[in-house]
Amino acid sequence: MSESMTVTVGLDVHARSIRLAAVRADVLLEERTLPYDEEAVERVLRRWSAVRCCYEAGPTGFGLQRYLVGRGIDCRVVAPGLVPQRPGERVKTDSRDARMLARLLAGGLLQPIHVPTPELEAARDLVRAREDARLDRMRDRQRLSKFCLRHGLRMPTSSWTVVRRKWLSEQRFEFPARQQTFDTYVHAVDLVDARIGQLERAIREAAEQEPWCTLVDKLRCLRGIDTLTALALVAEIGDFSRFKTAEEFMAFVGLVPSEHSSGEKRRQGSITKVGNSHVRRLLVEAAWHARRRPKVGYDLARRQRGQHAEAIERAWRCQQRLYQRWQRMAGRGKPQQKIVVACARELAGFIWAIATEQPLRSN
């Protein structure tokens, strides 16, 4: 079937409806609104012998794509941020969006995203639930600390330890309403702490299961990466081999510098911050360990016990390279925020090499 005979279909997917626009050779064949019914969409698409369709990634997830692909229909999910937009466009409707997707798909101008397997998506949901709980805990602790500050109470210690929790349980207020408010804030912190504990136990159990337990164990050989971070990286990225080079992976997580060059002038700015922000935050947090001299402590040695010698060797090279990078940039007077981002970019390259089993190169 020639490309000119192929029908491209754009789907503007919502919670209860789907706007469908079919285009062939830049001619609009059909346009209609369907209920969110996977079988109804399939029936319409079956009217053409050669058809390709797409829709933007969004809150409706990947159920429609998996259903259509399972029925032998070419369906792709595209990244909304990479859909070309005409300058000066001020009118946005479902019909326009569907037609635009259909025509851009026909022209090969859309960038499809990687659709995870249901098992991988389940692990990703678990990791993101823990991330949501972490943000909830930060907000609950902030409310409690500011309540104490308003009433002249200074919390002991600089972190949320057992000592601080014991001090909170001993506080008493004169007015019952104020005591009730304080107890509510403390109870909220206790609840979210318990929720995080349950989620972390579930994540550790998931990390021991196939098919990602082998890769999780390899990533745990790196300093600064334990079970929670390793499983989060695996669940968020999925198939590392879809990145041909380490530079592609670094760019995917938004750790490469932005650039605005023209002619003989080359101007680089801050990092792009595109892609997966959760992965980028985890890499930056892990990269803070690069400021310390390379060493294998007790916890890291325990994580590396029984692992392949190549993964351990690469983890040691990672420590050395990141530490040298930190020292060079610090010697040039660079701020720590820039140094840690540069080390996170290097760390991303080592993670890609471990995940794709790249051969070690001699120095």
Side-chain angles (χ1 to χ4, degrees), residues 12-13 54-62 65 76-87 89 92 97 100-101 104-105 107-116 120-121 123-125 127-128 131-132 134-135 219 224-225 229-262 265-288 290 322 325 329 334-356:
D12 193 45
V13 181
C54 71
Y55 65 93
E56 291 181 330
T60 55
F62 307 111
Q65 190 270 351
R76 307 172 189 181
V77 182
V78 300
L82 299 180
V83 176
Q85 301 287 341
R86 288 187 297 180
E89 186 68 56
K92 184 184 185 302
D97 290 345
M100 178 184 64
L101 288 174
L104 291 175
L105 179 62
L109 300 176
L110 294 178
Q111 180 66 39
I113 67 172
H114 174 71
V115 177
L120 192 64
E121 188 179 19
R124 181 184 298 180
D125 291 339
V127 169
R128 291 183 178 181
E131 179 72 7
D132 293 337
R134 184 189 68 85
L135 295 176
L219 295 180
I225 296 181
T229 302
L231 183 62
L233 292 173
V234 173
E236 294 289 345
I237 301 302
D239 184 12
F240 283 84
S241 62
R242 58 195 172 103
F243 305 103
K244 302 302 180 183
T245 62
E247 288 75 14
E248 285 189 15
F249 178 57
M250 297 173 189
F252 174 78
V253 296
L255 287 172
V256 297
S258 58
E259 185 169 349
H260 185 77
S261 301
S262 179
K265 294 183 179 180
R266 187 187 183 194
R267 297 178 180 176
Q268 289 185 316
S270 59
I271 59 174
T272 60
K273 293 186 179 180
V274 300
N276 195 306
S277 60
H278 185 200
V279 172
R280 186 167 58 253
R281 182 186 66 81
L282 293 175
L283 291 174
V284 172
E285 285 186 356
W288 278 103
L322 266 59
R325 182 68 178 272
M329 295 185 70
K334 298 292 184 180
Q336 283 194 340
Q337 289 78 6
K338 288 188 177 181
I339 299 176
V340 72
V341 170
C343 290
R345 182 165 56 248
E346 298 274 356
L347 178 60
F350 279 95
I351 291 173
W352 174 85
I354 291 176
T356 56

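From a predicted model like this one, the values you see are computed outputs, not experimental measurements.
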Nearest-0.5 Å distance, CG of residue Leu255 to CG of residue Leu283: 6.0 Å
Using ring pair (Phe, Tyr, Trp, His ring centres under 6.0 Å) as the criterion, list what pairs up with Tyr55, not counting sequence neighbours. none
Once rounded to the nearest 0.5 Å, what's the spacing between atom CG of Leu120 and atom CG of Asp125? 10.0 Å
If you take all heavy atoms of Val78 and Cys54, which pair is closest and at what distance? CG1-CB, 4.2 Å
Here the salt bridge (charged side-chain N to carboxylate O under 4.0 Å, His left out) pairs for residues 266-278, sequence neighbours left out, are Glu259-Arg266
I'd like to check Glu236 versus Leu282 (side-chain heavy atoms, cut-off strictly below 4.5 Å). Are they in contact? no
OG1-CG distance between Thr356 and Asp239, expressed to the nearest 0.5 angstrom: 10.0 Å
Spacing of Lys334 atom NZ and Ile339 atom CD1 [to the nearest 0.5 Å]: 9.0 Å
Residues Val279, Phe252; criterion side-chain contact (heavy atoms from CB on, under 4.5 Å); working and verdict: CA-CA 10 Å; Val279 172; Phe252 174 78; over 6 Å; no
Show the nearest heavy-atom pair for residues Ala123 and Ala235, with the distance to one decimal. C-CB, 4.0 Å
Under a 4.5 Å cut-off applied to non-hydrogen side-chain atoms, are Leu105 and Arg76 in contact? yes
Kindly give the heavy-atom pair with the smallest separation between Glu121 and Phe62, and that separation in Å. OE2-CD1, 3.6 Å
Heavy atoms of Gly224 and Ala286 approach each other most closely as O-CB, 3.5 Å
Sequence neighbours left out, what passes salt bridge (charged side-chain N to carboxylate O under 4.0 Å, His left out) with Arg281? Give chain and number order. Glu131, Glu285
When you measure from the side chain of Arg242 to the backbone of Ile237, do you find a donor-acceptor pair of N or O atoms at a distance under 3.5 Å? yes
Taking all non-hydrogen atoms of both residues into account, name the closest pair between Leu110 and Pro84 and its distance. CD2-CD, 4.2 Å
Which pair of heavy atoms, one from Ala246 and one from Gly349, lies closest together, and at what distance? CB-CA, 3.9 Å
Separation between OG (Ser261) and CD (Gln268), nearest 0.5 Å, reads 7.0 Å
If we ignore hydrogens and angles and just use 3.5 Å, is the side chain of Arg280 paired with the main-chain N or O of Val253 as donor and acceptor? yes
Hits for side-chain contact (heavy atoms from CB on, under 4.5 Å) against Thr272, two or more places apart or cross-chain, chain-then-number order -> Val256, Ser258, Val274
Could you pull out all residues at least two apart from Phe240 that satisfy ring pair (Phe, Tyr, Trp, His ring centres under 6.0 Å)? Phe249
With sequence neighbours excluded, give me every salt bridge (charged side-chain N to carboxylate O under 4.0 Å, His left out) pair touching residues 339-352. Arg321-Glu346, Arg325-Glu346
Value for CE (Met100) from CG (Asp12), rounded to nearest 0.5 Å, stands at 8.5 Å
Side-chain heavy-atom pair Trp288, Gln336 within 4.5 angstrom cut-off: yes
